[in-house]
2 protein chains.
Amino acid sequence: MPRKPNFDREDLIKRARDLFWRRGWAGTSLKDLEAELQMKPGSFYAAFGSKDALFELALKRYASDGADRLKTLRAEHGPLKTLQRFPAMVIGNEDAPAKACMLSKTLLELQARKHPLAEVANQYLLGMEAQFADLFEQAQSAGEISRAQSPGALARRYQSDLLGLRVSAERNGVDAGAIADEIAKGLEAL
Amino acid sequence: MPRKPNFDREDLIKRARDLFWRRGWAGTSLKDLEAELQMKPGSFYAAFGSKDALFELALKRYASDGADRLKTLRAEHGPLKTLQRFPAMVIGNEDAPAKACMLSKTLLELQARKHPLAEVANQYLLGMEAQFADLFEQAQSAGEISRAQSPGALARRYQSDLLGLRVSAERNGVDAGAIADEIAKGLEAL
DNA sequence: TATATACTTGAGTGATCACTCAAGAAACCC
DNA sequence: GGGTTTCTTGAGTGATCACTCAAGTATATA
């Protein structure tokens with residue numbers, strides 16, 4: 001009986017993610033979304049419920065894409081090489097809506113208001129860090145790096161370096177590629 | 001002949017800075033400012049001209065306070081010790097409106113819209129980096145660190161680490177103090 | 001004290017915010 | 001093709017946005 005929606009939901013979420021990623025939560029209005037997604041308000045609210053609900057879907061998609069990129073890298077390289085290549089990869093994509101991490105942008109924008117989406121972003125950041133910790137542990141098991149520091153501590157620092165790199169990449173007049181190289185080189189010394 | 005304004009302009013700018021720092025540009029409404037500064041719209045606009053104009057004053061105040069803190073540290077310690085203590089200092093102030101850097105928050109929030117304030121923030125970040133470069137050069141001259149890397153490259157990386165640290169400090173469940181210690185320790189190895 | 005000169009007040013501006021809903025259009029089953 | 005169900009449309013909701021301005025008030029000089 002029902003009529004099918006004439007849009008690809010996953011594609012809409014991706015486009016919304018890119019818009020939110022670039023412009024942020026407050027910087028993206030419903031009008032912007034309607035224009036980008038080619039949806040009238042009624043369809044939009046029938047499909048997603050609210051701006052916040054779509055933002056959360058966008059965050060989820062962002063986080064899982066990031067995790068997938070890391071796993072793809074891991075499939076081709078060892079754990080250390082994966083960790084070394086990842087920084088240059090995240091700032092190297094010219095098609096990306098922004099260099100900075102969407103999770104950190106969301107956290108910085110919404111944390112002070114205690115907006116629920118800030119905590120969602122925080123959780124995904126913790127998830128990424130856990131992935132990094134796994135890779136560091138694997139690198140230690142493979143003998144690629146020493147066991148002088150715990151995988152958790154290494155991941156914490158790596159995540160921090162990555163966040164700094166990605167903020168730096170957003171700046172004008174800063175050679176972020178050089179910073180990415182230094183991060184990669186720093187891992188060799190472990 | 002004129003009547004004096006019954007407020008302390010510098011104090012108002014400081015309070016506005018704290019509000020903008022915590023909540024961001026879009027997250028701070030005129031109503032918020034009126035409440036915090038105890039000013040009616042007419043007085044506000046007579047005194048500052050616009051929300052953006054006050055935000056710019058707040059950024060300037062933020063940047064010069066940061067520069068002052070660095071100089072104060074430098075007056076008591078050598079260049080290397082100054083660079084080593086600064087990270088723990090910026091995240092250690094419990095009274096600060098936020099752990100993250102106001103300049104980077106502004107950049108991330110407004111860069112995509114090409115808002116003029118994003119470029120202002122970018123310039124102040126470059127100014128901070130120049131200060132760091134000076135300190136690295138002094139540390140090299142004093143023989144505290146090697147000349148293997150240029151002061152500019154060292155400052156670029158240090159700034160990036162600092163930005164990452166301050167984003168990390170905004171997160172829940174992350175021991176930012178430990179990261180600050182690692183940054184300080186990393187400088188010894190230069 | 002008279003007057004000039006600000007500063008302060010607060011209701012009000014049009015624009016935009018996220019969001020709603022009734023009505024019409026399209027696709028499915030029978 | 002009839003009937004049901006969902007999707008789409010787009011004008012419209014009240015709230016809030018940054019900002020204005022005329023009227024009132026306080027303080028300075030003369």
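Please read all numbers here as calculations on a predicted model, not as lab measurements. Numbered from 1 within each chain, the chains take letters A, B, ... in sequence-line order.
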Trainee: Are the side chain of A/Lys105 and the backbone N or O of A/Trp21 linked by a donor-acceptor pair below 3.5 Å?
Mentor: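 Looks like yes, one N/O pair under 3.5 Å.
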Trainee: Do B/Glu182 side-chain atoms and A/Arg157 backbone N/O form a donor-acceptor pair below 3.5 Å?
Mentor: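 Pair absent, no side-chain N/O of B/Glu182 close to backbone of A/Arg157.
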Trainee: For the pair made of CG in B/Leu117 and P in D/dA18, what is the distance, rounded to whole Å?
Mentor: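 Going from B/Leu117 (CG) to D/dA18 (P), I get 14 Å.
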Trainee: Could you check how far CD of B/Glu34 sits from C1' of C/dC7, rounded to whole Å?
Mentor: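 One finds 16 Å between C1' of C/dC7 and CD of B/Glu34, rounded.
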Trainee: Nearest 0.5 angstrom please: B/Leu190 CG to B/Leu154 CG, how far?
Mentor: 6.0 Å
Trainee: Going by heavy atoms closer than 4.0 Å, what residues in residues 37-52 of chain A are next to DNA chain D?
Mentor: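 Correct list: A/Lys40, A/Pro41, A/Gly42, A/Ser43.
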Trainee: Between B/Glu119 and A/Asn172, do the side chains contain a donor N or O and an acceptor N or O under 3.5 Å apart?
Mentor: yes
Trainee: So do A/Pro151 and A/Gln140 actually touch side chain to side chain, heavy atoms under 4.5 Å?
Mentor: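 Of all side-chain heavy-atom pairs linking A/Pro151 with A/Gln140, at least one is under 4.5 Å.
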Trainee: Could you go step by step and tell me if A/Gln84 and A/Lys81 meet the side chain to side chain contact (heavy atoms under 4.5 Å, CB included) rule?
Mentor: CA-CA 5 Å; A/Gln84 285 179 312; A/Lys81 267 270 179 301; 3.9 Å; yes
Trainee: Any side-chain heavy atom of B/Arg166 sitting closer than 4.5 Å to one from B/Ser104?
Mentor: no
Trainee: Does the side chain of A/Gln138 pick up a donor-acceptor pair with the side chain of A/Arg74 at under 3.5 Å?
Mentor: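 There is such a pair between these side chains.
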Trainee: Specify the separation, in whole Å, of atom CG of A/Asp8 and atom P of D/dC7.
Mentor: 15 Å
Trainee: So which of residues 22-30 of chain A are in contact with DNA chain D, with a heavy-atom cut-off of under 4.0 Å?
Mentor: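 Heavy-atom cutoff 4.0 Å gives no residues at all.
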Trainee: Please report, rounded to the nearest Å, how far the C1' atom of D/dG10 is from the NZ atom of A/Lys31.
Mentor: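 Going from A/Lys31 (NZ) to D/dG10 (C1'), I get 14 Å.
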Trainee: Nearest-Å distance, NE2 (B/His115) to C1' (D/dA18)?
Mentor: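 It works out to 12 Å between those atoms.
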